Structure formats: structure tokens, C-alpha cells
2 protein chains.
Amino acid sequence: MKTIKDIAKLAGVSVATVSKVINGYPDIGAETRQKVMEIIVQEDYQPNAIAKSLSGKQSHSIGLFINYNPTPGLHQAFFQGVISGLEKTLGLCGYDFVLFADLRWREQGNFLQKCRTRQVDGAVFMGINKEEPGLTEVLESDLPAVFIDGDQIGKRSVCVVWNNYSGVRQAIEHFYNLGHRKIGMIKGYPNIKPTIERTEGFYQALRQFSLTCLPEWIVGDDYLEASGYQGMRQLLRLSSRPTAVFCQSDSIAVGALKAIEEAGLKCPDDLSIIGYDDLDLCKYIKPRLTTVRQDTVLMGKTAAKALIRLINNPDSEPTKSMVLPVELVVRDSCRKLYI
Amino acid sequence: MKTIKDIAKLAGVSVATVSKVINGYPDIGAETRQKVMEIIVQEDYQPNAIAKSLSGKQSHSIGLFINYNPTPGLHQAFFQGVISGLEKTLGLCGYDFVLFADLRWREQGNFLQKCRTRQVDGAVFMGINKEEPGLTEVLESDLPAVFIDGDQIGKRSVCVVWNNYSGVRQAIEHFYNLGHRKIGMIKGYPNIKPTIERTEGFYQALRQFSLTCLPEWIVGDDYLEASGYQGMRQLLRLSSRPTAVFCQSDSIAVGALKAIEEAGLKCPDDLSIIGYDDLDLCKYIKPRLTTVRQDTVLMGKTAAKALIRLINNPDSEPTKSMVLPVELVVRDSCRKLYI
DNA sequence: CCAGTTTACTAAACCGTTTTAGTAAGTGTT
DNA sequence: AACACTTACTAAAACGGTTTAGTAAACTGG
């Protein structure tokens, strides 16, 4: 591997001069600059990023903490899209990622330590629980950080979230426009952000459309298929049942569809269903599932931009939270109701 | 951030002594060691990985090149599982990953440069095409590398692949045991490894079971749903058609199922289908799809182990290629044929 | 023509480690 | 008591860059 010394020797100048040429310092003569550049190109020289990090302050790398077994409510395909979005935007700016795998951070939650030790310029957290120990240190530090779909706010950290309220409202509005007035809901795992917000959003939307809803129309306590199945069975047993059911995840909706079929009923003829997440399978099951899509790539790109802003403006007050729009994808699981 | 100097000062020894304590050198007295360790714990000191990399040879990081738009034949969920497997095994050994996002490697294909510049101890390539420029440099270098589902072989590099032959054989055997003797195939995108091997495996398996197959029973030229749909329509138009069709991907199978249904036929009653990949949706479509599962997490773990071996035994002859078993997952898309 | 300024460069310190070579004190041998 | 050996430590160079302070040479103005 060629070093800056080799280049300096070949160009007949000092290493300082080479460094200045590379970093665009003004106090270098035109011919010298020219000469050095030629050698750099000719030798295919690239500065050692490690040495650069140690010497300078910037490492041009971003720490990535991913919990692949997150709190329920995050689906599988989630990470892929976000990473891809992060990569596109941060890659353009010359950043690489340090994906922290070393298990020590999981056991001890020493996120900040890991970041310092690898000297990353910023960090992205995905699927990291709010209560995770070690997170406060990050929030109190001056490390630029962004939390994906989180609600942490710190000195130099922001979070990027989806607008759950809007997602639910669009779903309810769709039901409403189709003539549905009796709307139920199968909820996900309690006490976590998506559940809380989607539930709250549900009530808000009902109010907006002046609808009421019987307490027994709200069931469910997990994001999994099984919970959707159980929830729908409960609903079907009711004497006065809703004509449309909003499911807080697609998995729930899949379970619900199973229960509907098992009861000898048909979706959307007997019951309209909307899911949440827009998993791949929504297009393939029958009926094709109407659902709320969250743009994961956009999430990644937005997070990246926020992070770059935090890194480049060390003393600006950070925007605390960025809310992304979501979109209802209409397919075949809802029918028009003629009242 | 605490440095080794701080610790040395606090302990009243030289930095060399602290370094030796940390790295377990023998020429340190028991009391000194004890004292230094106490201070390290008390101060929660962790050595700077960057400085360590620059000084020593090992950086305890692994380069990761991921092409999210790979040649057709790799499905979405693929990467997630492999990364998770890599993470588990390499994380245990104290490695972190450097995920190369900086677009310069894509445009110029300078994989090796990127690795040298970040001083990674090894590299993993996923979805990287065999013809990619810059790959030869890697293969000729002494950089430990492993190619996921590839067929590159280099000085210090191995590849980890799935046994396509076995996968197809299991599928055909399943058909055979159910009584099928007329078996067709819908192929994927031509001239890439999975297609070549699955096609070859198909003929091998037919020979093994002494079956013959009309040329017009082999159709298809892409891994996508649309291709499966078209392929199946072709097959259904034949006067003498197969009773079972092996699809080289699940997407193909989904398209095929659509064509079957559209023709007023039913799977598995009129036609048995087997897919390949075990996508999530196989469990949710109707009929639930019998398919070949490739264990992505196992792939990641195996790759990790191979890489660690390459790193730790710099002069051992590397095993050139590691073949992983695959497994037929039997669901509802094949029927027993009474002859 | 000389003091002051500008230009274009370099030497050397520094970043936080590891590692080699060196050394002083203690131990054992004769 | 003189010698070699061992033990337990340290100074300093090295890794490959950046950056500060300094310095000759060239240029400027009065």
C-alpha cells in the first residue's frame, strides 16, 4: 500500500505539501499542485482512512446499531429499505458505515463507548428500545445521532418517525367513504409507540367523522398473525359486529382473514379489512390487502439528511423530530357499502 | 474520552506498561497488573480502536460489500438473514463490520482499495457479479474474502454456496414419490449460476428417477412473477402437458398459480407446483406453496467461520468452496397421483 | 535599497496505540 | 565479590496521516 511518504518522495516535496494538495489548502503553488496531483493519479494513491481518522477529527463513517429482534411492531423488510436509503444518501457524501456487531454493545449497552472507540462521526439507531440502558449517555453526549421510528430526543439527536395518525386517518376515511359506519380495530402489542399512536389516531379519526364505536369492537394485544386470528374470532362472536375492521399490522390482518374464512364468511363481501405495513405478501394473498404503506427508503434518506445536518452544523439547534407521510394502498379487501 | 496516557498517569506507570497489561504480556508484575486493571475498570477505559488499527495490524473489522440490486435470482429477504448470521458469529469474536456505502466503490469497483483504506481484516461480498471490474485484484491479493453464493476463487478467498442440485433433486423426488412422472420446469434468468445449476440439477434428477421430459415442458426466462405467469400459460396450452411443474423461484410459482387459476384449473388438484426460496408469502398464499428453503442465517454463520479461519491461518490452503444443504418444505401445492 | 509583506514551502508535533530495544534492580552461581 | 541471568519496567520509534509554527525567497512600496 502506497503512503503519503511515497508520494512525497516521488514528487520531491514534503509530506505536508502532499497533504495540503489533497485537502485543497491555498498555500500551494500551481505547478507543485499539478505535479503532486499527477503522481497521486499515476500511483493510484488513496489516503489511509484509519490514519486520517486518528489524526483529524472526522472519520467519515457512521455508526449503525441495529436490533434485529426489536419490540414487536417492526416488520422484517423494514431494515433493508432503511439501510438502502441511508446508504444512498450518506454514500453520496463519502460516508461508510460501521455496523456494530460486537456483542459487547448489546450486553452492556455501551453505545457511546463503541462510537468513540471507532470514532464515528454520527450514529443511527434502529429497533433500539427507549429503555435500553446506555441510551441516556448518547442523548446527553454531543454525538450526532438519529433514531429511526423512535421517540428519543437528546442534545444532538433527532428522531425520524412515520405519521401514524395520518395513516390511521386515511384508513378510516377510506372505510367512511365506502359507507362504513361501524368500524372495529385489532390492536398490536400494548404500550409501544406504534400501538399507542395508531390507537389514539383511530379514536381521533372516529371523532373527525362523527362515528362511535362499541368498546367490544376493539380487541387484540399483539402484532402477530395468531393475535389477529383470535381477535377476529372474538369480533365474529359479537351479536352486533362492525362492518369494517382496521388491523394495526398486516400480520394481524392475515390472521383476521383466516378467521373470517374459517367462519364461512368472505372478505370483503361480509367484512372489510385494512392492514398496516404493506408487506410483500399483501399483493399475493386473496383478497389482495388494502393497507398503509410506510416508505422505508424515504425514511433512510431522511434520517441520513438529518444526520448530515447535525454533523455539519455542530452548534445549530437540531430539529427534534421529523414526521414522514404514509400512504394508503387500496387493493381488494374493502367493499362499498350501500346504506 | 480517556486515553492510555490518562490511565498510565493515574496508575503511576508508563503507557507501555498499560498496553502490556491490556494485551496480556508476561513481563508485568502481579501488583502492577492488579493496580492498572483496577484503574482501567474504575475509569471505564476502552482503547481507541482506530489507534489500535493504525498501530497494530488487525482492525477487528470486516468489510461488507452489498449490492442491493443484484443479478436476478436473489430474493429480497436474502441479505437480512445472511447479515444476521454474519453478525452473530463475527460479533462473538469481537468484530464489527464496515459497510461500504461510499459510492466510489461501485463506480470504480475498487474493492481492494476500500479495504486497504479502512484496514479491514477481511471482506464479505454479497450480490456482487462475477464480472464486476476490480474483483480480480481482490482475488489475487492476500485479503481474506468470502463470496456469498458466488463462484469466485482466489488466493485467500472462498465462496459459500447452496446445493442447488440437492434442492432440485428433493423437489423432483417429492413429485416422484407422489406418483408424478410427467414433470415440467419454469426456468429463471438464463446464464447465471442458480439457473444453470437448477436446470442441470433438474436433468440429473430426471435421469436418476429414469424419467423423460418433453422439450416443450421447459419454459421461462426470468425469476419474476410475470415470467411464471407466461410460462404456465404456455404449458397449459400444450396438448400433452406435465402433471407437475418445478419453478426455479417462488415468484415464478406465484405467477404460475395465477395462470392456473385463470385457466379455470386448480392447484394442486389439476397441477402440482413446487417453488424455490421459501419466501414469507409461501405460507400465506393459497394453496400454501411447497418450496425449497435456503437457510440464510446458516449461510451467514458459515461464511463468518470461513472468514475467521482465513484470517487466523494466514498460510493454510483455503477450502475453496463450501456447499450448504437446502431443505424441501412440504406444504399444500402438490397432490398425490394415483396411477 | 531596505523594511515589510506575501507566497510557497517544510519541520516537527500530534492523534492513541503497539512493540522493540534498552536498563536498572534483584537473584543465583562460583 | 564479580559475573551472568532473570524480572519488571520504560523510552522511543512506528503506524499514516493533519496541522501549526516557522522560514527562506520573492515581491512590494516609499
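The sequence lines fix the lettering, A, B, ..., with proteins before strands; numbering per chain opens at 1. Worth saying up front: this structure is predicted, and the values here are computed from it rather than measured.
- Within 4.0 Å (heavy atoms only), A:D27 reaches at least one base atom of the nucleic acid.
- The residue A:T17 sits close to a base: some heavy atom pair falls under 4.0 Å.
- Picking from D:dA21, D:dG17, C:dT17 the nucleotide with the shortest atom distance to the side chain of B:I4 gives C:dT17.
- At C:dC9, one or more side-chain N or O atoms of A:T32 fall inside 4.0 Å of OP1 or OP2 (strictly under the cut-off).
- Distance A:Y25 OH to C:dT7 C1': 17 Å, rounded to the nearest Å.
- One distance of note links OG of B:S84 with NZ of B:K301; it measures 8.0 Å at 0.5 Å rounding.
- Minimum atom distance to the side chain of A:A51 is reached by D:dG17, of the listed C:dG16, C:dT10, D:dG17.
- Residue B:S19 places at least one side-chain N or O under 4.0 Å from the OP1 or OP2 atom of C:dT18.
- Ring pair A:F111/A:F65 is perpendicular by interplanar angle, where above 60° counts as perpendicular and below 30° as parallel.
- At the phosphate of C:dT17, OP1 or OP2 sits under 4.0 Å from a side-chain N or O atom of B:Y45.
- Closest to the side chain of A:L54, from the set C:dC9, C:dT10, D:dG16, is D:dG16.
- B:I22 is listed as a side-chain neighbour of B:Y45, based on a closest heavy-atom distance under 4.5 Å.
- The distance from atom NZ of A:K52 to atom C1' of C:dC14 is 17 Å, rounded to the nearest whole Å.
- Rounded to whole Å, atom C1' of C:dT18 lies 17 Å from atom CD1 of B:I7.
- Computed from coordinates, the B:M1 CE to C:dG16 C1' distance equals 11 Å when rounded to whole Å.
- For B:K5 against C:dT17, no side-chain N or O and base N or O form a donor-acceptor pair under 3.5 Å.
- At C:dT18, one or more side-chain N or O atoms of B:N23 fall inside 4.0 Å of OP1 or OP2 (strictly under the cut-off).
- For the pair A:N48 CG and D:dT18 P, the computed distance is 10 Å after rounding to whole Å.
- Residue A:D96 holds its CG atom at 9.0 Å from CD of A:E87, rounded to the nearest 0.5 Å.
- A:N110 CG to B:D44 CG: the interatomic distance, rounded to the nearest 0.5 Å, is 7.5 Å.
- Both B:I22 and A:S14 sit near DNA chain C, but only A:S14 has its closest nucleotide nearer the 5' end.
- The CD1 atom of A:I39 sits 13.0 Å away from atom NZ of A:K9, with the distance rounded to the nearest 0.5 Å.
- Residue whose closest nucleotide on DNA chain D sits further toward the 5' end, between B:R33 and B:Q119: B:R33.
- Summarising the geometry, the separation between NZ on A:K20 and P on D:dA21 is reported as 12 Å, rounded to the nearest angstrom.
- The CZ-P distance, from B:R118 to D:dG16, rounds to 17 Å in whole Å.
- Closest contact between the side chain of B:A16 and the listed nucleotides D:dG17, D:dT10, C:dT17 involves D:dT10.
- If you measure from atom NE2 of A:H60 to atom P of D:dT18, you get 11 Å, rounded to the nearest angstrom.
- Evaluation of atom-type donor-acceptor distances gives a pair under 3.5 Å for the side chain of B:S55 against the base of C:dT17.
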